[in-house]
Amino acid sequence: MARIFAVANQKGGVGKTTTTVNLAAALAAHDQRVLLVDLDPQGNATMGSGVDKRSLGSSVYHLLVGLKTLPEVRARSENGGYDVLPANRDLAGAEVEMVDLDNRENRLRDALRTVDADYDFVLVDCPPSLSMLTLNGLCSAHGVIIPMQCEYYALEGLSDLVNTIKQVHAKLNRDLKIIGLLRVMFDPRSTLSQQVSAQLESHFGDKVFKAVIPRNVRLAEAPSHGLPGVVFDKAAKGSQAYLAFAAEMIERIQSL
């Protein structure tokens, strides 16, 4: 059975897409069968996986509004070694069109059930807002991975996100739980980063992943080449951190 994880944070620019793409490639490098779902109309996870969003015949938009089946939409990240449900600007229209659809918050969940036996992991890259798209991601997932920077404003937004997850758990998806918090773009030279990191560990305990993703130029360069960072430069510190994170994820889900 596939384990489905939404990568979510209502704050923008915290590394959700970088985390989703690199975790997908790192899990594939650990011989896991992986599907990445791009739920952001910007399509950055699609492009970062080496799939051209500008030439898509069909996308996750067509899946959500019922025009295509999942196998018809699915693409392959040849370099990353995983499958992709790609996105482009068409997805922005799904917000409006899904309002009148039956079971609108579970459209993605129902689609993923048709390929449950095909994957070990499904990773859902959620947009930086609490929208119908994000709600579909959360309703389809067994758990949430929260990437966050160790800074003050990130802590402010975290409480809102935790409350949102609690509400979705209570009303729409009883399986949903926080799998863990991932510290990203971490600068060990910053006193503030160290203080916020310590606060997270104190408050959330073992919900904080041991893996820490450092600020890394090679990770930032990789998307312009249409490659996950762990493929673009496997030896880079950021890539090694994501490979360690993937190993930790595999270990963690075995204990769930």
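Predicted, not measured: the structure shown is a model, and the values here were computed from it.
- Here the side chain of Glu248 pairs a donor or acceptor atom with the backbone of Lys210 at under 3.5 angstrom.
- We find the CG-CG distance between Leu35 and Asp118 to be 9.0 Å, quoted to the nearest 0.5 Å.
- With respect to Lys11 and Glu151, a salt bridge is recorded, a charged nitrogen being found less than 4.0 Å from a carboxylate O.
- Expressed to the nearest 0.5 Å, how far NZ of Lys207 lies from CG of Leu200 amounts to 14.0 Å.
- The hydrophobic cluster containing Leu70 also contains Met98, counting ILVMFWY residues as joined when their side-chain heavy atoms lie under 4.5 angstrom apart, directly or transitively.
- Using a 4.5 Å heavy-atom cutoff, the side chains of Met47 and Gln42 are not in contact.
- Hydrophobic clustering (side-chain heavy atoms under 4.5 Å, transitive across Ile, Leu, Val, Met, Phe, Trp, Tyr) keeps Val184 apart from Val217.
- Although no hydrogens or angles enter the test, the distance criterion places no donor-acceptor pair under 3.5 Å between the side chain of Asn88 and the main chain of Arg54.
- Residue Gly66 comes nearest to Arg107 through the heavy atom pair N-NH2, 3.7 Å, listed as atom of the first residue, atom of the second, then distance.
- With hydrogens and angles ignored, the 3.5 Å screen pairs a side-chain donor or acceptor of Thr164 with a backbone N or O of Asp160.
- Residues Ala246 and His30 approach most closely at CB-CD2, 3.6 Å, considering heavy atoms.
- Atom CG in Asn9 sits 11.5 Å away from atom OG in Ser129 (nearest 0.5 Å).
- Closest non-hydrogen pair, Ala87 versus Ser59, comes out as CA-CB, 4.3 Å.
- Dense packing is recorded around CG of Asn103, with more than 12 heavy atoms of other residues, nucleotides or ligands lying under 6.0 Å away.
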- Determine, stepwise, if the pair Phe5 / Leu23 fulfils side chain to side chain contact (heavy atoms under 4.5 Å, CB included). CA-CA 11 Å; Phe5 299 105; Leu23 177 57; over 6 Å; no
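- A donor and an acceptor atom, one from each side chain of Ser58 and Glu72, are nowhere located under 3.5 Å apart.
- The CG atom of Leu130 lies 7.5 Å from the CG atom of Leu138; values are rounded to the nearest 0.5 Å.
- Residues Leu219 and Gly238 come closest through the heavy atom pair CD1-CA, 3.6 Å.
- Panel note: side chain Arg33, backbone Phe121; no donor-acceptor pair is recorded below 3.5 Å.
- Side-chain atoms of Tyr242 and Thr18 include no donor-acceptor pair closer than 3.5 Å.
- Without hydrogens or angle criteria, Asp83 side chain to Arg74 main chain gives no donor-acceptor distance under 3.5 Å.
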- Any chance you could lay out the side chain to side chain contact (heavy atoms under 4.5 Å, CB included) test for Arg218 and Glu221, step after step, and finish with the verdict? CA-CA 5 Å; Arg218 300 299 275 171; Glu221 291 174 346; 2.8 Å; yes
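- Contact annotation: the side chain of Leu158 approaches that of Phe204 to within less than 4.5 Å [non-hydrogen atoms, C-beta and beyond].
- Arg252 places a side-chain N or O within 3.5 Å of a backbone atom of Ile179 that can act as its donor or acceptor partner.
- Side-chain contact check for Lys16 versus Asp125: some heavy-atom pair is nearer than 4.5 Å.
- No side-chain heavy atom of Tyr61 sits under 4.5 Å from any side-chain heavy atom of Leu133.
- Not a single donor-acceptor pair under 3.5 Å links the side chain of Arg183 to the backbone N or O of Val212.
- In plain terms, the two heavy atoms of Val168 and Leu135 that are nearest each other are CG2-CD1, 3.9 Å.
- Linking ILVMFWY residues whenever their side-chain heavy atoms come closer than 4.5 Å, directly or via other members, places Leu67 and Met132 in the same cluster.
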- Give the intermediate values and the outcome of side chain to side chain contact (heavy atoms under 4.5 Å, CB included) for residues Asp120 and Leu27. CA-CA 9 Å; Asp120 301 305; Leu27 287 168; over 6 Å; no
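- Between Thr114 and Thr69 the shortest side-chain heavy-atom distance does not fall below 4.5 Å.
- Distance alone, capped at 3.5 Å, is enough to place a donor-acceptor pair between the Ser239 side chain and the Gly229 backbone.
- Looking at heavy atoms from C-beta onward, Thr19 lies out of side-chain contact with Ile213 at the 4.5 angstrom threshold.
- Checking side-chain atoms of Gln149 against main-chain N and O of Val14 turns up no donor-acceptor pair under 3.5 Å.
- Between His225 and Phe232, the ring-plane angle classifies as parallel under the 30° and 60° cut-offs.
- Atom CZ of Arg89 is surrounded by 12 or fewer heavy atoms from other residues, nucleotides or ligands within 6.0 Å.
- The distance from the CG atom of Asn136 to the CD atom of Glu105 is 7.5 Å, given to the nearest 0.5 Å.
- Both Leu112 and Leu64 are assigned to one and the same hydrophobic cluster, defined by single-linkage of ILVMFWY side chains at heavy-atom distances under 4.5 Å.
- By the 4.5 Å heavy-atom criterion applied to side chains, Leu39 and Thr134 are not counted as neighbours.
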- Task: Determine, step by step, whether Lys234 and Gln240 satisfy the side chain to side chain contact (heavy atoms under 4.5 Å, CB included) criterion, reporting the C-alpha distance in whole Å, the side-chain angles of both residues, the deciding distance to 0.1 Å, and the verdict.
- Result: CA-CA 7 Å; Lys234 187 176 180 180; Gln240 289 297 306; 4.1 Å; yes
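- Closest approach of Met249 to Ile145, counting heavy atoms only: CE-CD1, 3.9 Å.
- For the 3.5 Å distance criterion, the side chains of Asp38 and Thr46 qualify, holding a donor opposite an acceptor.
- Between the side chain of Ser49 and the main chain of Ser77, no donor-acceptor pair closer than 3.5 Å is present.
- Side chains of Tyr82 and Leu123 form no contact here, defined as non-hydrogen atoms less than 4.5 Å apart.
- Grouping the Ile, Leu, Val, Met, Phe, Trp and Tyr side chains by contacts below 4.5 angstrom, directly or via other members, places Phe186 apart from Leu182.
- Remark: Lys53 NZ to Leu56 CG distance equals 9.5 Å, nearest 0.5 Å.
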